[in-house]
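A short worksheet on the structure shown next.
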There are 2 protein chains.
Amino acid sequence: MVKNKQDKNQDTEELILKAANRVFEKKGYAGARMQEIADEAGINKALLHYYFRSKEKLFDRIFREAFSQFWPSIEKVTQGGMAGIRDLIKAVIDGYTEILAQRPYLPAFVVGELNRSPERIKELLLASGIKPDKIIKIVQDAIDNGEVVNMDPRELLVNIIALSIFPFIARPLVSSMFWKSKGEYDSFLQKRKETVYEFICRSILVNPDQ
Amino acid sequence: MVKNKQDKNQDTEELILKAANRVFEKKGYAGARMQEIADEAGINKALLHYYFRSKEKLFDRIFREAFSQFWPSIEKVTQGGMAGIRDLIKAVIDGYTEILAQRPYLPAFVVGELNRSPERIKELLLASGIKPDKIIKIVQDAIDNGEVVNMDPRELLVNIIALSIFPFIARPLVSSMFWKSKGEYDSFLQKRKETVYEFICRSILVNPDQ
DNA sequence: ATTAAATTTGACCAGATGGTTAAATTAAAC
DNA sequence: GTTTAATTTAACCATCTGGTCAAATTTAAT
């Protein structure tokens, strides 16, 4: 079973992207080295530049993908049109828990790079097709019909996201401050899927039960 | 009023530290350039190395200071011995709001650098004199005496910190997603001092009023 | 098998970057 | 004013880093 040229090409590109992702995600744009990416992919630097002409172009490719991965479930729920507020919250928390278990560096990477070049955000948001207004409206509806206490809907959204991803962004710090081992922290993060949901619901639902 | 040599020396050192802080905080260790720090301080690169022998030494100095600034009010409250849980929460939120208004890049800087070299954390925590156990105990006491609903005290602490600093860590992203201008976001952050406190209390206090 | 095109490599280059050094300047002590 | 020590500078240096290129290798088509 020999691979033809195109397949190998695809494989190499895939290999490079995976390697670049690992390196950029961990070290950021400035800390990443093209040589290290090449080594990680098992190729040499010239081939790296053959596939992606420059560090910036390669980074751009990686970062766009990372940025889009950053909004997993929010979109899923808004697609449906009218989702319950409980569903929205659960979807966001579960979505983050799932993706961040696989890519724990993702949020620190995205947020860190955006801090260093905030001018890119507008375009990235546009390109990603995210519609903040739609999500805000779901929350506002839940407030209007008395399901949720009166508050700025954006504040609730910020809180949900904060509670979901902060333990990952600040993972090493939080982990070694309050937990004894990596394993215990991981199990905390798993349980947290439920406890954060309850934490939020206790705070905002007018009729918690029902 | 001419300054003597020692004063000028002090001034130059102060000037360098201020400049280094600005540059490192915004660009991180890898993205920072010694030349840029020198320019920012209005001196040349050789003098920079005369005062702080290497980039790493200078960074270490800056980072330690940043890390210690990261825990403003938590310590103040634990000093007292037995503080109410409400006081603890308010102190943490107010403390962060205050310091982060002046140094908005601080949390992203600290967290980002710690992600890239987590092995430093243990030593930094030791050197900073922070006693996580003391803070956990305050929360645990409040749970034991029925003031706060039953939960892992560490989880509450993570939530408080998350809600306090996330809007700063992810500032550019959150701001341009949900707000129309920088000014509006700033005013949101100010109001948030109260709303986050209420958000947390609604969730955890057994007798919210009283 | 030969040809032609795409893929891969080793060697190399220019500029950036952290760091050094010897000389010049400045300030304090005498 | 001269001496002495600390401070500041311009000019360099070695290494790292992103990027290029011509030659070699591999693959598909004939």
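Only a predicted model underlies this, so the values are computations on that prediction, with no experimental measurement involved. Letters go in sequence order (proteins before strands), and every chain restarts at 1.
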Completion exercise
Applying side-chain contact (heavy atoms from CB on, under 4.5 Å) to B:S203 and not counting sequence neighbours gives A:F199, A:R202, A:S203
Practice task
Please name all residues satisfying salt bridge (Lys or Arg N to Asp or Glu O under 4.0 Å) with A:E65, sequence neighbours left out, ordered by chain then number.
Solution key: A:R103
Handout entry: Counterpart residues, side-chain hydrogen bond (donor to acceptor under 3.5 Å, both in side chains), relative to A:K18 (two or more places apart)
Key = none
Fill in the blank from the handout: So the side chain to side chain donor-acceptor pair (under 3.5 Å) pairs with at least one residue in residues 30-48 of chain A (sequence neighbours excluded) are A:R22-A:E40, A:K27-A:E36, A:Q35-A:D39
Exercise for the section: Can you sort out the partners of B:Q102 under side-chain contact (heavy atoms from CB on, under 4.5 Å), two or more places apart, ordered by chain and number? Expected result: B:E98
Problem - Modelled atom types, side-chain donor and acceptor of B:R192 and A:N159, under 3.5 Å - result: yes
Practice task
Give a yes/no answer on whether the side chain of A:T12 brings an N or O atom under 4.0 Å of OP1 or OP2 in C:dT7.
Solution key: no
Problem - Listed once per pair and sorted, the salt bridge (charged side-chain N to carboxylate O under 4.0 Å, His left out) pairs that draw on residues 164-183 of chain A, sequence neighbours left out - result: A:R171-A:D186
Exercise for the section: Mind calculating the distance between CD1 (B:I16) and C1' (D:dT7) to the nearest angstrom? Expected result: 11 Å
Problem - N or O in side chain of B:Y51 less than 4.0 angstrom from D:dT8 OP1/OP2 - result: yes
Handout entry: Proximity to DNA chain C (any heavy atom under 4.0 Å), residues of residues 52-67 of chain B only
Key = B:S54, B:K55
Handout entry: Bracket string, DNA chain C, 5' to 3' - pairs by Watson-Crick or G-U geometry under 3.5 Å, | interstrand
Key = ||||||||||||||||||||||||||||||
Exercise for the section: For residues 108-123 of chain A, pull every pair meeting side chain to side chain donor-acceptor pair (under 3.5 Å), keeping only residues two or more places apart or in separate chains. Expected result: A:D60-A:R120, A:R64-A:E123
Handout entry: All side-chain hydrogen bond (donor to acceptor under 3.5 Å, both in side chains) counterparts of A:Q140, not counting sequence neighbours
Key = A:D144
Problem - Short side-chain N/O contact to C:dT8 OP1/OP2 from A:Y50, under 4.0 Å - result: no
Completion exercise
The salt bridge (Lys or Arg N to Asp or Glu O under 4.0 Å) partners of B:R53 (sequence neighbours excluded) come to none
Practice task
Please list residues of residues 27-49 of chain B whose heavy atoms come under 4.0 Å from any atom in DNA chain C, ordered by number; otherwise none.
Solution key: B:A32, B:R33, B:M34, B:K45, B:A46, B:H49
